[in-house]
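Remember, predicted model here, so these are calculated numbers, not experimental data.
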Amino acid sequence: MDTLTHIVLGAAIGEVLAGRKLGKNALLFGAAANSLPDIDFVASFWLPTARDVWAHRGLTHSFLFLAFMTPVLAFLAARALPRSGMTRRDWWLFFGVEIFAHLFIDAFNAYGTGWFEPFNHYRVSFHVLFVADPFFSVWLAISFAALLILRRNHPARRKWAWAGLLLSTAYLCYCITNKLRIDDHARADLQAQHHTYTRYFSTPTPLNNWLWYIVAEDSGGFYTGYRSMFDHKPTQFRFQPKAKRLLKPYLEHPDVHYLMRFCQGFYTVEEWGDTVVFNDLRFGEMKGWEDPKARFVFHYYLQRPDENEIIVQRGRFAGWDRHSLRIFIRRIRGN
């Protein structure tokens with residue numbers, strides 16, 4: 001999830017677990033602890049882009065990291081703050097819950113999270129939330145604001161913290177039911193249109209949980225389409241050829257090695273003029289609900305690696321304006 005979400009989530013958890021003993025410091029420690037797994041961002045300063053996208057949400061988002069860092073941080077905190085009223089067991093619970101919450105919620109979007117690193121490179125991704133969903137984070141943000149304002153010993157502090165956590169959890173459960181309904185309709189539409197497939201996923205479009213992007217793989221490529229929770233007509237799909245042949249000259253390139261591992265097989269290769277482009281389908285298209293020929297958000301120039309500094313979201317909001325926003329809202333509403 002986005003950085004702000006981890007901060008306000010960590011602060012709410014911190015208040016529930018340690019607010020009575022640490023006061024408002026529980027917000028600070030909680031926000032920091034919940035954000036800790038994203039320390040892997042520093043690797044972007046020296047790693048090549050393709051390797052960096054694979055390294056992110058890898059080892060520092062694993063259960064091994066959780067098991068190692070929890071006792072280390074608990075020991076350091078207990079030594080540094082002996083008069084805080086927190087026992088070492090309290091600190092174990094505090095840091096364990098905070099880090100686990102980060103690992104858990106990150107697995108609900110498209111990027112993939114390396115829970116089992118370094119023993120298994122599989123990336124867990126439930127495709128339930130967009131990486132920044134304001135309807136998930138807003139309850140935690142309101143709770144965070146209240147906790148900053150209320151005095152340390154105010155009796156309503158824990159209620160505000162629990163309210164933020166419970167409302168965001170309720171929204172997450174609502175999103176899971178949305179996904180189940182979307183999948184039922186999309187799979188039925190694929191079958192009715194005689195599109196066979198071996199793998200499938202659905203993932204929400206930017207900043208909402210009502211319009212979903214659908215991908216179904218067959219032997220030669222992918223059927224992609226969009227479905228809203230409010231649609232009454234069958235999902236329309238277009239076929240995206242995988243074009244593996246274009247990748248053959250680059251198979252020995254280290255960038256391709258990491259890109260292939262990162263995308264989990266959900267990729268296409270295209271020629272843009274004289275440039276060969278590697279696309280990761282999991283991150284959607286640039287306004288694909290509006291433009292049937294839209295390009296993919298995640299695209300990597302195989303022949304020009306120096307132009308790939310920002311690739312995961314670089315095309316996400318390209319070309320957006322008021323008109324595009326109106327079209328997007330209408331599409332969410334099922335029009």
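Residues L22 and S84 have side chains in contact (heavy-atom distance under 4.5 Å, counting atoms from C-beta outward). Looking at L129 and C175, their side chains come closer than 4.5 Å, going by heavy atoms from C-beta outward. No side-chain heavy atom of I99 sits under 4.5 Å from any side-chain heavy atom of N34. Residues Q240 and F296 have side chains in contact (heavy-atom distance under 4.5 Å, counting atoms from C-beta outward). Side chains of D231 and K233 form no contact here, defined as non-hydrogen atoms less than 4.5 Å apart. In this structure, W115 and N120 have side chains that are not in contact, with every pair of non-hydrogen atoms separated by 4.5 Å or more. The side-chain heavy atoms of K179 and F126, taken from C-beta on, include no pair separated by under 4.5 Å. Taking the side chain as every heavy atom from C-beta outward, T268 and F222 approach each other to under 4.5 Å.
Under the 4.5 Å side-chain heavy-atom criterion for Ile, Leu, Val, Met, Phe, Trp and Tyr, M229 and L207 are members of the same hydrophobic cluster. No chain of hydrophobic side-chain contacts below 4.5 Å, direct or via other Ile, Leu, Val, Met, Phe, Trp or Tyr residues, connects W92 to I13. Note on L64: it does not cluster hydrophobically with L36, by side-chain heavy-atom contacts below 4.5 Å among ILVMFWY residues. In terms of hydrophobic clustering, with Ile, Leu, Val, Met, Phe, Trp and Tyr side chains grouped at heavy-atom distances under 4.5 Å, F230 and W212 are assigned to a common cluster. Put simply, L4 and F317 are part of the same group of oily side chains (I, L, V, M, F, W, Y) that touch within less than 4.5 Å, one to the next.
Between S324 atom OG and I329 atom CD1 the span is 11.0 Å, to the nearest 0.5 Å. With rounding to the nearest 0.5 angstrom, the CG atom of N178 is 10.5 Å from the OG atom of S202. A distance of 12.0 Å separates CG in N153 from CZ in R20, rounded to the nearest 0.5 Å. With rounding to the nearest 0.5 angstrom, the NE2 atom of H195 is 10.0 Å from the OG1 atom of T235. Note that CG of L167 is 9.5 Å distant from OG of S143, once rounded to the nearest 0.5 Å. One finds the CG atom of L172 at 5.0 Å from the CD1 atom of I105 (value rounded to the nearest 0.5 Å).
Scanning both residues, L66 and G96, for their nearest heavy atoms gives CD1-O, 3.5 Å. Annotation for F94 and L17: closest pair CA-CD1, 3.9 Å, computed over non-hydrogen atoms. Nearest heavy-atom pair across A161 and L147 is CB-CD1, 4.2 Å. Residues Y213 and V215 approach most closely at CE2-CG2, 3.4 Å, considering heavy atoms. Here the closest non-hydrogen pair linking V131 and N109 is CA-ND2, 3.9 Å. Across all their heavy atoms, G334 and S228 have their closest contact at N-OG, 3.9 Å.
Remark: R227 fails to qualify as a cation-pi partner of F237 under the 6.0 Å distance and 45° angle criteria applied to the six-membered ring. Under a cutoff of 6.0 Å and an axis angle of 45°, R157 and W162 do not form a cation-pi pair. Judged by the 6.0 Å distance and 45° axis criteria, R199 is positioned over the aromatic ring of F266. For R187 and Y200, the positive end sits near the middle of the six-membered ring, less than 6.0 Å away and at most 45° from its axis. Figure legend: cation-pi geometry between R330 and W289 absent, as NZ or CZ is not positioned both under 6.0 Å from the six-membered ring centre and within 45° of its axis. Within the cation-pi definition used here (under 6.0 Å to the ring centroid, within 45° of the axis), R261 does not qualify as a partner of Y258.
Within the 3.5 Å criterion, the main-chain N or O of L93 finds no donor-acceptor partner in the side chain of E98. Looking only at distances, no side-chain donor or acceptor of K21 sits under 3.5 Å from a matching main-chain atom of D90. Within the 3.5 Å criterion, the main-chain N or O of R152 finds no donor-acceptor partner in the side chain of K24. Of the possible donor and acceptor atoms, one in the side chain of S35 sits under 3.5 Å from a partner among the backbone N and O of A31. A distance-only check finds a donor-acceptor pair linking the side chain of T49 to the backbone of N308 [under 3.5 Å]. Between the T203 side chain and the A110 main chain, no donor and acceptor come within less than 3.5 Å of each other. The closest donor-acceptor contact from the side chain of T70 to the backbone of A67 lies at 3.5 Å or more, if one exists at all. E270 places no side-chain N or O within 3.5 Å of a backbone atom of V277 that could act as its donor or acceptor partner. Formation of a donor-acceptor pair under 3.5 Å by the H299 side chain with backbone atoms of V297 is found in this model.
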For this session: Verify side chain to side chain contact (heavy atoms under 4.5 Å, CB included) between F75 and L73, making sure each step is shown before the conclusion.
Result: CA-CA 5 Å; F75 172 79; L73 293 172; over 6 Å; no
Exercise. So R304 and T275, side chain to side chain donor-acceptor pair (under 3.5 Å) or not? Walk me through it.
Worked result: CA-CA 8 Å; R304 304 200 302 268; T275 302; 2.5 Å; yes
For this session: Any chance you could lay out the side chain to side chain contact (heavy atoms under 4.5 Å, CB included) test for W91 and L81, step after step, and finish with the verdict?
Result: CA-CA 11 Å; W91 285 117; L81 300 168; 4.0 Å; yes
Problem set entry | Stepwise side chain to side chain contact (heavy atoms under 4.5 Å, CB included) test for D218 and Y223 | CA-CA 8 Å; D218 78 355; Y223 296 99; 3.8 Å; yes
For this session: Please test D133 against N209 for side chain to side chain contact (heavy atoms under 4.5 Å, CB included), starting from the C-alpha separation and ending with a verdict.
Result: CA-CA 8 Å; D133 188 329; N209 202 260; 4.2 Å; yes
Exercise. For F144 and W139, what are the C-alpha separation, side-chain angles and deciding distance, and is it a ring pair (Phe, Tyr, Trp, His ring centres under 6.0 Å)?
Worked result: CA-CA 9 Å; F144 180 70; W139 316 109; over 10 Å; no
For this session: Evaluate the ring pair (Phe, Tyr, Trp, His ring centres under 6.0 Å) criterion for residues F262 and F298: first the C-alpha distance (whole Å), next the side-chain angles of each, then the deciding distance (0.1 Å), finally the verdict.
Result: CA-CA 12 Å; F262 176 66; F298 184 113; 5.7 Å; yes
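With respect to F278, the ring pair (Phe, Tyr, Trp, His ring centres under 6.0 Å) criterion is satisfied by exactly one of Y250, Y267, Y300: Y267. For the side chain to side chain contact (heavy atoms under 4.5 Å, CB included) with E217, the lone residue among T224, L281, T198 that qualifies is T198.
Checked for salt-bridge contact, D291 and K293 miss the test: no charged N lies under 4.0 Å from a carboxylate O. Between E117 and R123, at least one side-chain N (NZ, or NE/NH1/NH2) sits under 4.0 Å from a carboxylate O, which counts as a salt bridge. In summary, R57 and D106 engage in a salt bridge, as defined by a charged side-chain N under 4.0 Å from a carboxylate O.
Side-chain atoms of S44 and D52 form no donor-acceptor pair, as typed in the model, at a separation below 3.5 Å. With hydrogens and angles left out, the side-chain atoms of H102 and H61 include a donor and acceptor closer than 3.5 Å. If you check the side chains of Y226 and Q236, you find no donor sitting under 3.5 Å from an acceptor.
A perpendicular orientation is assigned to the rings of F283 and Y111, their planes being inclined by more than 60° (bins at 30° and 60°). Using a 30° and 60° split on the angle between ring planes, Y174 and Y171 fall in the tilted class, from 30° to 60°.
The neighbour count for Q191 CD, taken as heavy atoms of other residues, nucleotides or ligands under 6.0 Å away, does not exceed 12.
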